[in-house]
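Side chains included, hydrogens not; waters and symmetry mates left out as well; all remaining heavy atoms used.
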Amino acid sequence: MVEQPAITPVVAELAARFAAEGKHLYLVGGSVRDAVLGRPTNDFDFTTDARPAEIQQILTGWAEAQWDTGIAFGTVGASKKGEILEITTFRADVYDGVTRNPEVTFGDSIDGDLARRDFTVNAMAFDVASRTFVDPTGGLQAARDGVLDTPATPQESFGDDPLRMLRAARFVSQLGFTAAPRVIEAMRSMAGEIARITPERVQVELSKLLCGAHPRRGIELMVETGLADIVLPELTAMKLEIDEHHQHKDVFDHSLVVLEQAIDLEDVDQSPDLVLRIAALLHDIGKPATRKFEPGGGVSFHHHEVVGAKMVRKRLRALRYSKEITEDVAKLVYLHLRFHGYGNGEWTDSAVRRYVTDAGHLLTRLHKLVRADCTTRNKRKANLLRRTYDSLEERIARIAAEEDLARVRPDLDGNEIMKLLGLPPGPQVGAAWKFLKELRLDRGPMDRDEAEAALLDWAREQGITPPSA
């Protein structure tokens, strides 16, 4: 028994109005697919054989509000009792084969409208009035089998819109499906066509892929088909060859495991953490560029976190990620190895303060990334690393209870510095403030007399003569 989409009284009433005018109203797209799969959804799209002007006429006098911002594409919007409804006339678009922009034309049949959609599981419709499915391309069976396939040939579908190749990887991630062999083959042969798509649209699909329930599957499909070579070439570069004389972990596989382990550490009641997931996937992005074969069969990756942070910034900027996401991911990549200097707890309290201060608002994410980065199969080593990080977190908690670690600031502010040293606003005040902050990190909180004495000593060393001197 196939589960039917939930139809609200408002939608049922609307379908009756369309039927009274001799028109059909179909629920289409993700809401139908998700209903079949038993997944929750709040995304409802409708299609109809009524033309835009007819849709407007049917809505007039019934909808509480109506808008036509998408009418050039055949879409009319309306609201009723708090529900937002978007209804689009059947489409029969033709693509020019150069851009992904179709020439918008209206169709005359639901089958024709569905045939132009990206994948068969998205090419099902539900007739609201008769409560029946329309499935001309076998979407129901594909959903049962967990197979992602295209209504037309993959070559035709991806030729119309190359972004669909990346959407295939995204749906593999979100739904846990397997791409049909012919889809994989078409992706391999047409991967270069993704270059026709703007970075902004690529970024949206990549983010959705990473936030899916099975991102490893989507990433592996991207790499297998060559899409990653164009969209995120650093992924493919991490598949380092391992020879018999120089053994080390496969960086690509290790990164996927770290991604999965980081996801396991996410808060279950929160949305997927895109920043953490990107950082987990790309934390070792700098290893290929820093790999060095050492005498005796060893392999080193010195300063790969520094190189990796620079590479992350370059790639995420190219993909048009926001400045905030780019800088947060780069900082996590830069800091992800810092913990390994902790050893058996040799860090001073000053070093712990710096760890917390450098991480800033990313501290919780950094905790998760560092823990996820342990992929050794040696249980003794894994347990030791876990206990050591437990120890660090306990020290952070202890120091935080004694000091305001969330806001490590100098014990004197800028105005107090200027008054004490007799300085006008300028670089010298900034240098004094930085000196006090470093002192605060080293020693912890100081009383005012200590802070003033230390600042006066520093000022004399800098050739600054305080007013009281």
Subject >> side chain to side chain contact (heavy atoms under 4.5 Å, CB included) between M124 and L114, worked out >> reply: CA-CA 7 Å; M124 298 179 284; L114 296 175; 5.9 Å; no
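- For the atom pair CG of L362 and CG of L369, the computed distance is 10.5 Å after rounding to the nearest 0.5 Å.
- Atom CZ of R315 sits about 12.5 Å away from atom CD1 of I278, to the nearest 0.5 Å.
- Aromatic pair H214/F177: ring centres not closer than 6.0 Å.
- N383 and R380 form no side-chain donor-acceptor contact under 3.5 Å, judged by distance and modelled atom types alone.
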Subject >> L259 vs R277, side chain to side chain contact (heavy atoms under 4.5 Å, CB included): CA-CA, chis, key distance, verdict >> reply: CA-CA 6 Å; L259 171 61; R277 294 187 182 200; 3.8 Å; yes
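- Distance CG/L166 to NZ/K208: 10.5 Å, rounded to 0.5 Å.
- Within the 3.5 Å criterion, the main-chain N or O of G139 finds no donor-acceptor partner in the side chain of T120.
- A donor-acceptor distance shorter than 3.5 angstrom exists from the side chain of T225 to the backbone of L221, with no hydrogens or angles considered.
- We find that D253 and R216 are joined by a salt bridge, their nearest charged nitrogen and carboxylate oxygen being less than 4.0 Å apart.
- A donor-acceptor contact shorter than 3.5 Å links the side chain of D135 to the backbone of L140.
- Contact of the L209 side chain with the F171 side chain is not registered, since no non-hydrogen atoms from C-beta on lie closer than 4.5 Å.
- The ring of F46 has its center no closer than 6.0 angstrom to the ring center of Y26.
- Counting only heavy atoms from C-beta outward, the side chains of I219 and L232 never approach each other to under 4.5 Å.
- Between the side chain of T290 and the backbone N or O of H303, no donor-acceptor pair lies under 3.5 Å.
- For the pair F119 and T137, the minimum side-chain heavy-atom distance is 4.5 Å or more.
- In terms of heavy atoms, A359 sits closest to K331 at O-CD, 4.2 Å.
- Of all the heavy atoms in V172 and G218, the pair that sits closest is CG1-N, 4.0 Å.
- Although no hydrogens or angles enter the test, the distance criterion places a donor-acceptor pair under 3.5 Å between the side chain of D161 and the main chain of L163.
- By the 4.0 Å N-to-carboxylate-O rule, E266 lies too far from R365 to be salt-bridged with it.
- Heavy-atom minimum distance, L316 versus I325: CD1-O, 4.4 Å.
- The pair D328-K323 does not meet the salt-bridge criterion, since no charged nitrogen lies less than 4.0 angstrom from a carboxylate oxygen.
- The two residues R164 and R116 make their nearest non-hydrogen contact at NH2-O, 2.9 Å.
- T75 and T88 share a donor-acceptor pair across their side chains, judged by distance under 3.5 Å alone.
- Checked by atom type and distance alone, the side chain of H304 pairs as donor or acceptor with a backbone atom of F301 at under 3.5 Å.
- Annotation: side chain of H283 is in contact with side chain of H254 (closest heavy-atom distance under 4.5 Å).
- The closest donor-acceptor contact from the side chain of D267 to the backbone of D269 lies at 3.5 Å or more, if one exists at all.
- Between E185 and R188, at least one side-chain nitrogen of the basic residue sits less than 4.0 Å from a carboxylate oxygen of the acidic one, meeting the salt-bridge criterion.
- Using a 4.0 Å cut-off between a side-chain N of Lys or Arg and a carboxylate O of Asp or Glu, R338 and D358 qualify as a salt bridge.
- A distance-only check finds no donor-acceptor pair linking the side chain of D45 to the backbone of V28 [under 3.5 Å].
- No more than 12 heavy-atom neighbours from other residues, nucleotides or ligands sit within 6.0 angstrom of OH on Y334.
- Using a 4.5 Å heavy-atom cutoff, the side chains of F252 and T236 are not in contact.
- Salt-bridge check for R387 with D390: failed, with every basic side-chain N at 4.0 Å or more from each acidic carboxylate O.
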Original post:
Step by step, would you call K368 with D273 a salt bridge (charged side-chain N to carboxylate O under 4.0 Å, His left out)?
Top reply: CA-CA 11 Å; K368 294 175 181 177; D273 189 337; 5.3 Å; no
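- In this structure a side-chain-to-backbone donor-acceptor pair under 3.5 Å is present from Q203 to R320.
- For the pair R371/L385, no side-chain contact is recorded, criterion being any heavy-atom separation below 4.5 Å from C-beta on.
- Here the shortest heavy-atom pairing between E193 and P162 reads O-CB, 3.4 Å.
- The closest side-chain heavy-atom distance from M222 to V231 is below 4.5 Å.
- Side-chain polar atoms of N122 and R117 form no donor-acceptor pair below 3.5 angstrom.
- The only option from Y389, Y355, W347 that meets the ring pair (Phe, Tyr, Trp, His ring centres under 6.0 Å) definition with F339 turns out to be Y389.
- Side chains of V312 and L282 form a contact here, defined as non-hydrogen atoms less than 4.5 Å apart.
- Salt bridge status for R182 with D149: present, with a side-chain N to carboxylate O gap under 4.0 Å.
- A salt bridge links D118 and R167; the closest N-O separation between the charged side-chain nitrogens and carboxylate oxygens is under 4.0 Å.
- For the residue pair M165 and M187, the shortest heavy atom distance occurs at O-CE, 3.3 Å.
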